[in-house]
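The analysis underlying the following values was restricted to heavy atoms, covering all of them including side chains, and did not include hydrogens, waters or symmetry mates.
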Amino acid sequence: MPHIVILATGGTIAGASDARSQAGYNAGQISAEQLVAAAPGLEMIARISTEQVATIGSQDMNETVWFTLAARIDALLARDDVDGVLVTHGTDTLEETALFLDLVVSGEKPVVLVGAMRPATALSADGPLNLLEAVLVATAPQARNRGTLVVLNDMIHGAMDVTKSSTMEVQTFRSPNFGPAGHVTPNGVVFFRRAARRPVTYILPPAPPLPRVSIIYAHAGMDDGEIRGAVAAGAKGIVLAGVGDGNAAKAAIAALSEAVAAGIVVVRASRTGSGPVMRNIEVPDDALGFVASDFYGPAKARVLLQLLIANGITTPGAVQMAFGGPI
Ligand code: GLU
């Protein structure tokens, strides 16, 4: 039988209801062993080992846990007796951890992130089935060499496109630009197409922190205050969660252009939730030294930009190559 290692970090999948209210709950109360025990049938699919890496809600996910995960996954996947790794994770920032791991973990063996929208103690908890389906994906030969995958609610997503789209729905994870990479069906794991595998694996520094990159959310009536605040806080990069195709008010664009002149890398993304941000359409990127985020939303663009700056990739041309090229 294949051997899958589960690295548990917490989140709703490991959540227990809060005794103070029916609706409230505390993330990360259930251990990895208990999660596995709640999914009968797992033992028929794979030999499972578990390690508790963290016990947090993913709103508290951080670079220390990211570095621990990356190092542990590298070590595990290098072993002949490990066939894949699962990471259990809260859903709030799951997409950021998925992209981070996609960008720093190399090799062909599957890395699968899985979470749940309902706590483990809820009626119709979705965690046990999601866990079983994630193990099915991690053991599927066709899941190899696709980078980091995300499995929830019968769907398989690639790390680059997947995003949490609803605060409440069980079907919260979507890939708005490209659609899911595949499904887990009663007849097994089916991929529709190749999940986008990042061509480059970035090197991590020996320890956190990664370079500081701020996200600035654009809105009507915007001025330059938040951008100047980010510069003053020491940002090495700024991601604009712009309106429309990555735009912002004149004062904000002017402040971003000043930031470029001060050596800060500026990437324009969009707050819309889908669609590419392309160069030079409304904003003169060539003249101002900006980078267009292509299909990376603000949160993902931030992760990629942190890794680029950490790897010494800071010129607009080189950063743009990592964000889909000069489109
Ligand atoms: N905020 C918690 C987290 O992201 C719970 C949300 C969830 O896991 O669905 O860990």
Do the side chains of Glu108 and Arg146 get close enough for a salt bridge, i.e. N-O under 4.0 angstrom? no
Is Glu51 salt-bridged to Arg72, cutoff N-O under 4.0 Å? yes
Side-chain contact, heavy-atom cut-off 4.5 Å: Asp126 with Asn153? no
Test: Lys109 and Asp83 ion pair at under 4.0 Å: no
Run the side chain to side chain contact (heavy atoms under 4.5 Å, CB included) test on Val277 and Asp294 for me, step by step, so that the C-alpha distance in whole Å, both residues' side-chain angles and the decisive distance to 0.1 Å come before the verdict. CA-CA 5 Å; Val277 172; Asp294 190 41; over 6 Å; no
4.5 Å side-chain heavy-atom contact, Gln142 and Val189: yes
Holding to side-chain hydrogen bond (donor to acceptor under 3.5 Å, both in side chains), I want the full list of residues that pass it with Ser166, two or more places apart in sequence or in another chain. none
Distance only, no hydrogens: is a donor on one side chain within 3.5 Å (strictly under) of an acceptor on the other, for Lys164 and Thr172? no
Validation row, ring centre Phe191 to ring centre His183 under 6.0 Å: no
Would you tell me whether Gln52 and Glu33 have side-chain atoms, one donor and one acceptor, within less than 3.5 Å of each other? no
Modelled atom types, side-chain donor and acceptor of Thr201 and Ser106, under 3.5 Å: no
Taking atom types as modelled, find out whether Thr163 and Ser165 have a side-chain donor-acceptor pair closer than 3.5 angstrom. no
Report yes or no: do Thr9 and His89 form a side-chain donor-acceptor pair below 3.5 Å? no
Could you verify whether a donor N or O on one side chain and an acceptor N or O on the other, from Ser31 and Gln34, lie under 3.5 Å apart? yes
Is Arg174 salt-bridged to Glu95, going by a charged N under 4.0 Å from an acidic O? no
Test side chain to side chain contact (heavy atoms under 4.5 Å, CB included) applied to Leu305 and Ile238, Val266, Val267, the passing residue: Val267
Consider side chain to side chain donor-acceptor pair (under 3.5 Å). Of Asp92, Thr91, Thr93, which one does Ser58 pass it with? Thr93
Test ring-ring contact (aromatic ring centres under 6.0 Å, His included) applied to Phe100 - qualifying residues, sequence neighbours left out: Trp66
